Structures are given as C-alpha cells and as structure tokens.
Amino acid sequence: MPATAPRSDDSAPTALVTAPGDGADTELVDAAAPGPRRRRRAEPDGPFDRVIALVGPGVGVVRRRLGILDADQKAALTPEERRTRRRRQVVYSLVGTAASIVLLPLLLLGLGWLLFPIPSTDDAVQNQIATVSYADGGQLARLVPEQGNRIKVGMDAIPVPVREAVLAAEDRSFYSNPGFDFTGILRAMVAQLTGGVGGGSTITQQYVKNTLVGNDATYWRKYKELIVSLKVSGQKSKDEILNDYLNAIYFGRGAYGIESASLAYYGKPAAQLTPSEGALLAGIIQSPSNWDPANSPDRAKQRWNFVLDGMAAQGWISQADRQAAVFPQTIAPENTSRSSSLTDARGHILNAVRSELGSLGISEQAFAQGGLQVTTTIDPQRQQQLTDSVEQKLRGEPELLRTGAVAIDPRTGGILGYYGGSNGTGLDYAQVMKQPGSTFKPFAVLAGLLNDPPIGLGTTFDGSERPGLRNAEGANCPRCDLKQAMTISNNVVFTKLAAQVGPQKVADAARLAGITAPLENPDARLPLGNKEVTPVQLASAYATIAAGGVWHAPHMVSKVVDSDGRVLYEYQPGEGEQRFPEQVARNVAEAMMNVVDNDGLQLPDGQEAAGKTGTVQSRFEGQNNDAWFAGFTPGIATAVWVGTDRNDPIQDSAGRPINGADLPGSVWKAFMSDTVRTTGTAEFPAFRPIGESPSTLAPNEPTAPPTPTSTPSAEPTPEPSADPVAPTDPPAPVEPTGVPETTGDPVPGRQDDTQPGADAGRAADPTVG
C-alpha cells in the first residue's frame, strides 16, 4: 500500500509510490488527481526474478483452474461456499488416491515386464557358481554344478506320488493358483519391516526365486520375483513349471534336481522312488543342510510326517497307506565337493570352508546357489609347502598311514595351511579326534604357572619310573626340573605336576589355550594325552602360546561377498582375547625350547622354535598307534599327526614303530624350514622366569645338589619312595590293556569299532612320550 505524504495546505494528499527494485525509485503522485493510479515497475534484474516474471501469470491461471484461493479469497467465501469447496476437495482426493492405486501398480508391472527377461534354467544354475579364493585372491576352487551333479529328466521319469509329495510340502494349490501368492508377499514384506522372517510363496515363486532371481531379502528381489513369476505363468504350463522346478531345485548333498537327489540319498534313479522316499526328499527342500537325515534325523522325520499328512489330507494317498508308511533309509552322504580340481587335498579346504560358513549363519544352500565369493586365510605358498612336505616325507611309507597337518598364524588365528589327506573326497584327517600323547604336557606347565603360588620351570621332581607308569626309553630322570623333563618327555614328572595342581586345572589350562574338545573327568594322566583332540585344535592352542597368551579363533574364512557385491561377512581380528599373561606364555614356550634340538629337528638360520612330540602306545607291546609333533615360532604354529584309519600299529617302511620325532617331526621340520627360508627368522620375546629359573644343564647331566627354590611353595613336598600324591593319582596296571576312552568322532567316515581290527590295540593310557 502506498504511504500518504502530509501536505501543509488543505489540498488533496499526495501518495509516495516506491517501485520494486533497489528501493530508490520513488515519485510523488497526486492522490486526488483524476484517472487510475499508475505504478512504475522496475525491470527484473536477476535470473530468478525473470523466471518469476515469466511463470507468474501461468501459475495464477493454474491456481484459478484448480480452485486454489489465497487467504483474502478464502476469507471472502460464504459458509455455504466453504462447505461446497471442502466436499469437492474430498471427492478429488478419493479419485486421485484410487487412480494411484490402480495406475501405479500397472506402471510398475509394465516397467518390470519390459526390464526383466526370463533366464533359462541352465543359465540360472551357472550363475550360482561360488568361488573360493586364497588369501591373495588367487582361485582355490569353483563350486560348479556339474552335469553329473544335475541330471535333467522329463516329467514321465518322475513318479506321480513324488510330484504330489513335493506339492504337499511346498504348494498344495499349485494347479489352481495364478503362480504367485499376493498375501504371502505381503507377509514377507511385513516381516522384513518388523525385522522378522517368513512369508510364503508358490512353487512358481520358489522356482523363480531359487533358480532365476535369487534369494536376497530385499523389496527389489520380491518385485522382480513377482514380475518373473507372472511371465513364467503366462508362457509355460503348470506341468512345465513343475518339471523345471524339480530339475533345478537344490536338495543338499551337492545335488541339483530330483534325479541327482535320488542318487545322492538312495543310490537309485528318481523313477524308482517310492512315495515314502519321495516324501523325505520333498520335506528337506526348504532347508537341505539342516533337515538331511544324516545331519538331523529327528527333524527329517518330522518333515516326512508333515508331507505324508498333507498328501493324505489332499486325498493323494489313502489313510491306510499313510498309516503303513515307514521312514526310509538313506545312504551315507559322500563328499559333496563338485569341482574338477577338488579331488586332491584342496577338497578338504572346501569342506572346511562350507562348515565354517554354516557356523556363520550362511547355509549350504546359500553357498551352493548364491554365487558367493569366499576369500580364505589360506596362503597359497604355505599350502603348497605343507602339502609337499607331507607327500615327500610319506613317499615310500606304508599305504595305510594317514596324515593331518595344520598351520596357523598366531597373530590372527587364520589357518595358513591345511592338509586333511590326499583324497579330497575322503576323510579329513585335520579334523579327526585322536589322543594327542605328550603334546598335552605344555598345558600342565601352563596350569602350574597359573597356580597360586606358581610352579616355575626350575621346580624339580623325581622322574624315576614307578609301578604302573613307565617312561619312554631314555626319558628316566631321577631329579630334573620341568624344562628338563619336557625336553626328554618324562611321563612321571608331569603326572606328578598334574596331581599337584589338580587335573581339572590342567584341563582348564588347555581350554584357555584353545582346546575345545570334551575333557571330561580328567585325571593325573591328562598331560600324557588320554583325551582326544584334533590337529586343528592343537595347532590353535599352540598358536595361543606363541602369541603371548592371546587367543584368536582358528578360522579359514576371512570374507564373503554375494553375487551383487554385498559383503555378507568379514573377519575382524581386533586385538584377540588375552587368555593368560604374556610372561606365562613365554615361560611355557621356554619349557619347550630344547625339544626341537634334542630330537634333531633344528630349523635353518638359527631360528628358535618351541615344540613337543606326542606318541600314543598300542596295547601291543612296543607298538604305537598315533604319533604327533607340534611346535611354533613367533610367526607360525604347526601340528602334524600320523596314524591309521583303524588304529593299527604304525610302522615305517623298515618295520620300525613310528614315534612323534620320526615321520611327524620330519614333516614338521620340512614345512617349518621352508617357511623360515621364505619369511626369514623371528625372535621370541626375552625370557623372564616365573619362580626359580630352569637349569641350563642337559637332563641327567651331573650337577651339584640344587639350592632351595626362591619360591617356597614352588618346591614340591619331599618325596618318600611312595608317591606323596597317590590319593589323587589313581594307579594303573603295570601293563595297560584296556580299551582307550573315546569322546566320539564327529567327522564323517567314522570307523566301525564292531569290525575285527577296528581297534588294533591302543593302550588305555598312553605312556610313551
């Protein structure tokens, strides 16, 4: 509004008019002058002003057409006009919303129809190839669904009851539904929004999801699944869809399709399947790795009953046949590695990777169908050196000998080398449960050092043989400290140490280091290795000692990426877990430092190493069943086992019994020597003794009477001829003849102990170091 300028006389007022612009264009206009008032406009200066000036009139027209009023216009409306206006706005809103509901899905449907082609089943399966890489990115293996693992058959080769079993398990309205379950999709979307799982889908959707689209839990995948399901339903008959589904779906055990599944579970073609056998296969489709009867017989039977009940409810089998059905027997699963390069030692790496992925929540089905890219911790050079060391040292030795070897980086827990046997489709000997012999003695030392007060390496014992417990030849020691006793592997000293600190504390110390096997009801012979462990566990526990008491979970998987490039998992080593003090770990290592030299297993370039032999005697006099050598430098820890499948006595090519310093020690030395030449030497931290320092003399070397220990409680109670700790050290027969205690063998291919020769004579408790 223009301002009015006062006048000094009685004439009409004059208006002050200011033009928009810089605020400087002002003129006096006679307000009483006849004619319309005129306002002089300034030309728009900037681009924004010019745009406003250009579109302003158009915006005004649109506002008038749409009935949009400004505040003054709204205020001028009568009450009736306001009510009419509100009713019109409600109607327009409802019409617009209805149009959006109809038109937007049609638009999305049209776009999806144009964007998403239907890939062929063969192309879809090929897109599911998983790759497993070495730590440096080089390819270790490709999980390829080979033709032998996926055999396509026609609908006439699949019995009708088998098809109906699949329908009963997965989609009972298959032949009547349009190919997709809209309510199931909504349930899945709601579950995803609320952080849950679930949903539901037809066989058409499952076929599309599992073989053509992918199984990512995303809205984009659901959208794509719906479009492709509609296209498949429009282009193929129901029988064609079901046939494609049964030829492409994954059934576990590396089997794609019903024909391969029938061979994998029953050893016969699908055409010979009975309704009961078909019901079992149909029941495991949703979770093959979890519901395989070899892995979970109870859950497999629950699913089998669910399928048969569904078939009876649909009238596909009679109630009499349902009641007469018997849970079918399946054949033992074989190694399911499917790649032309996995029949050698690398096949065990792939199986170990698959098992570790399962513990990370990545199922076998996701591994087999998700096109995953898995990076491992396996160092290709270390792996080749470990494999060469085993094969070279066992060349020319008896064929019944078996070997498992594992090398671990103490700084991360990553497995650098893994040898489970030369047959990648056979038993993995890096995972077999075997008695470790005297390789368990360092855990008794660890328990002693953690004791209150600690029992130092300089503590002396009488290691003379006693009734029921012998030492290996040359291992007697009437008076030696713990380091000397470790060097010659004196059995008596370490059973006394275990009795003094308590066998349970020795078991606890082993668990602190990384042993995860059951160590139930331990006794004073635990340091002699009368409980079963695996080479992986022993290497991991020694790696903890090498790392200064810092435990890192032993692992082989460092990173997992899906087919879309999303990182599903990546190992974060952090700082590890300090299980016991560094000084304690260094003292345990010090106790083991002379073993390598004493057994003639020195490493090149003066590299120091801590190690320990382990030999498990047979009940046959003078024979052994298992032999170990495990040891470490600051940069790598390695455990090697040599034995047989059936606990036969182990002998070399000359017929001599094998002990820990022989073949296992030779393999260990060859591998560790190659490692030292490749990576160079590394020094252990400075040794600071806990309690009395160990003697620098060799075991049994003549010496003056020892001075009293500086730690009074570290010196054991003076011993009479009888063992003062006999109440806690149960006596054993002079010649052990019992059957060894076992903790179960969790690995596939467990030996049959009911057959002759299954236990050729492992002693009740190992007494050879």
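Given the structure is predicted, the values throughout are model-derived calculations rather than measurements.
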Looking at [Y], is its backbone amide N or carbonyl O close enough to the side chain of [X] to form a donor-acceptor pair, meaning the two atoms are under 3.5 Å apart?
X: Thr377; Y: Ile415; value: yes
X: Glu356; Y: Met556; value: yes
X: Asn243; Y: Val153; value: yes
X: Gln537; Y: Ala517; value: yes
X: Ser260; Y: Gly257; value: no
X: Thr376; Y: Val557; value: no
X: Glu240; Y: Ser237; value: yes
X: Ser558; Y: Thr375; value: yes
X: Arg303; Y: Trp291; value: no
X: Lys531; Y: Gln435; value: no

Can you measure from [atom1] ([X]) to [atom2] ([Y]) and round to the nearest 0.5 angstrom?
X: Ile650; Y: Asn647; atom1: CD1; atom2: CG; value: 10.0 Å
X: Glu170; Y: Leu242; atom1: CD; atom2: CG; value: 11.5 Å
X: His555; Y: Leu360; atom1: NE2; atom2: CG; value: 10.0 Å
X: Tyr429; Y: Arg402; atom1: OH; atom2: CZ; value: 4.5 Å

Review point. Below 4.0 angstrom, N of the basic side chain to O of the carboxylate: do Arg646 and Asp648 qualify?
Key: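 The answer is no: the pair does not qualify as a salt bridge.
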Check your understanding: Under a 4.0 Å N-O cut-off, is there an ion pair linking Lys268 with Glu277?
Key ->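 Result for this pair is yes, salt bridge flagged.
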Answer whether the closest heavy-atom distance between the side chains of [X] and [Y] falls below 4.5 Å.
X: Val533; Y: Met433; answer: no
X: Pro288; Y: Phe251; answer: no
X: Leu167; Y: Arg163; answer: no
X: Val561; Y: Tyr569; answer: no
X: Trp316; Y: Val160; answer: no
X: Ile285; Y: Val166; answer: yes
X: Asn247; Y: Tyr256; answer: no

Side chains of [X] and [Y]: donor-acceptor distance under 3.5 Å anywhere?
X: Asp508; Y: Gln504; answer: yes
X: Asn625; Y: Lys434; answer: no
X: Asn305; Y: Arg322; answer: yes
X: Trp304; Y: Ser276; answer: yes
X: Asp171; Y: Tyr245; answer: no
X: Tyr175; Y: Asp239; answer: yes
X: Asp523; Y: Asn530; answer: yes

So which atom in [X] and which in [Y] form the shortest heavy-atom distance, rounded to 0.1 Å?
X: Ala539; Y: Val406; result: CB-O, 3.8 Å
X: Pro159; Y: Leu273; result: CG-O, 4.0 Å
X: Leu280; Y: Pro328; result: CD1-CG, 3.6 Å
X: Pro269; Y: Leu263; result: N-CD2, 3.9 Å
X: Leu308; Y: Ala279; result: CD2-CB, 3.7 Å
X: Pro503; Y: Pro522; result: CB-O, 3.6 Å

Check your understanding: What residue among Ile331, Thr274, Thr330 forms side-chain contact (heavy atoms from CB on, under 4.5 Å) with Tyr266?
Key -> Thr330
Practice item. Please find out if less than 6.0 Å separates the ring center of His348 from that of Tyr418. Key: no
Check your understanding: Could Arg172 and Phe306 be counted as a cation-pi pair, given that NZ or CZ must be under 6.0 Å from the ring centre and within 45° of the axis?
Key ->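 Flagged: Arg172 positioned over aromatic ring of Phe306.
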Review point. Within 45° of the ring axis of Tyr571 and under 6.0 Å from its six-membered ring centre, is that where the NZ or CZ of Lys559 lies?
Key: no
